[in-house]
Each structure stands twice: as C-alpha cells, then as structure tokens.
Amino acid sequence: MPGSRHVRQHGRVSTFAQPERTPDGRYIRIGGRRWRATDPEIPEDAAARLRSGLMAARRAVKAAKKKGDTAAEKRARSQVHSAKVALGERGAPWWEQSMAQRRQRWDRGLAACEAEQPDKEYPA
C-alpha cells in the first residue's frame with residue numbers, strides 16, 4: 001500500500017498508515033505533537049540503514065541506562081543525534097539545503113552510523 005509501512009509483530013506482518021504530514025510535508029504529527037519529517041529525498045535503502053542505526057543506538061541508550069553506565073549512555077545518545085541529523089530530523093532544515101548538501105548530510109551520517117556501531121558491551 002502506498003504511504004504505509006509493514007511491520008513484523010509476533011511473527012505476523014501488519015500494515016499501518018504513515019503518520020499524518022503537514023500540508024508542506026516538512027512535519028509529521030504523532031500524538032498531537034509536531035515532529036520534523038525525514039528528508040524525503042534520502043534513497044530508501046540509505047534511509048533504512050539510517051533508521052536501523054537509529055534504533056540500535058536507542059536500544060544502546062536503554063541498555064546503558066539499565067546498567068547505570070553514564071559514559072555508554074552519552075555515546076549512545078550522541079549516536080541517536082547523529083542518525084537523526086543524517087535523516088534530516090535535526091540540524092539544518094532539509095528544505096533549506098541544496099540537494100548536494102542534503103546528499104552530503106546523509107552520506108556523512110551513513111559513514112558515521114556504520115563506523116560508530118552502538119556499544120557492543122550492552123547488546124539490546
């Protein structure tokens with residue numbers, strides 16, 4: 001289905017609609033709150049890799065907090081931030097950047113994401 005995602009839950013694949021976008025496409029609404037949307041020009045394979053890195057970093061934050069390891073938590077939070085910047089959800093607004101700047105942003109993010117794998121010490 002266009003505009004929907006497929007998620008595997010409990011061994012089944014379910015489909016749910018994408019969050020509501022503002023008319024300009026720059027923001028999404030979740031739970032009544034407005035969040036910056038991912039840059040729509042990021043190729044899907046690159047966006048998927050960035051989202052995967054983001055989720056791994058979020059799991060690392062949770063694991064580090066559970067262990068009380070503030071240094072690991074700080075590193076993981078930095079990785080979350082880097083992935084969000086690469087996706088265009090933080091930092092300079094993607095709609096104010098040229099295509100070359102946008103491409104450079106997500107390429108740098110992919111390189112950082114792959115180089116800075118979340119802490120192996122605290123697997124999720």
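What you see is a predicted model, and the numbers here were worked out from it, not measured in a lab. No hydrogens, no waters, no symmetry mates; every other heavy atom, side chains included, goes into these values.
Taking all atoms of both residues into account, the shortest heavy-atom contact from W106 to M99 is CH2-CE, 4.1 Å. When all heavy atoms of A92 and Q97 are compared, the pair lying nearest together is CB-NE2, 3.6 Å. Of all the heavy atoms in A76 and V61, the pair that sits closest is CB-CG2, 3.5 Å. When all heavy atoms of R36 and G88 are compared, the pair lying nearest together is CD-O, 2.9 Å. Shown here for G109 and A86, the closest heavy-atom pair between the two residues is CA-CB, 3.5 Å.
A donor-acceptor pair is defined here as one N or O able to donate and one able to accept, closer than 3.5 Å; such a pair exists between the side chain of S82 and the backbone of S78.
One distance of note links CZ of R75 with CD of E73; it measures 11.0 Å at 0.5 Å rounding. In this structure, the separation between CG on L110 and CZ on R108 is 11.5 Å, given to the nearest 0.5 Å. To the nearest 0.5 angstrom, M55 atom CE is 10.5 Å from R51 atom CZ.
Between R102 and P40 the shortest side-chain heavy-atom distance falls below 4.5 Å.
W94 pairs with exactly one of I42, L87, D39 by the side-chain contact (heavy atoms from CB on, under 4.5 Å) rule, that one being D39.
With hydrophobic clusters built from ILVMFWY side chains whose heavy atoms lie under 4.5 angstrom apart, L54 does not share a cluster with I30.
With a 6.0 Å radius and a threshold of 12 heavy atoms from other residues, nucleotides or ligands, W35 has its CH2 atom at or below the threshold. Around the NZ atom of K84, the shell of radius 6.0 Å holds more than 12 heavy atoms that belong to other residues, nucleotides or ligands. Environment of CZ in R34: sparse, with no more than 12 heavy atoms of neighbouring residues, nucleotides or ligands closer than 6.0 Å.
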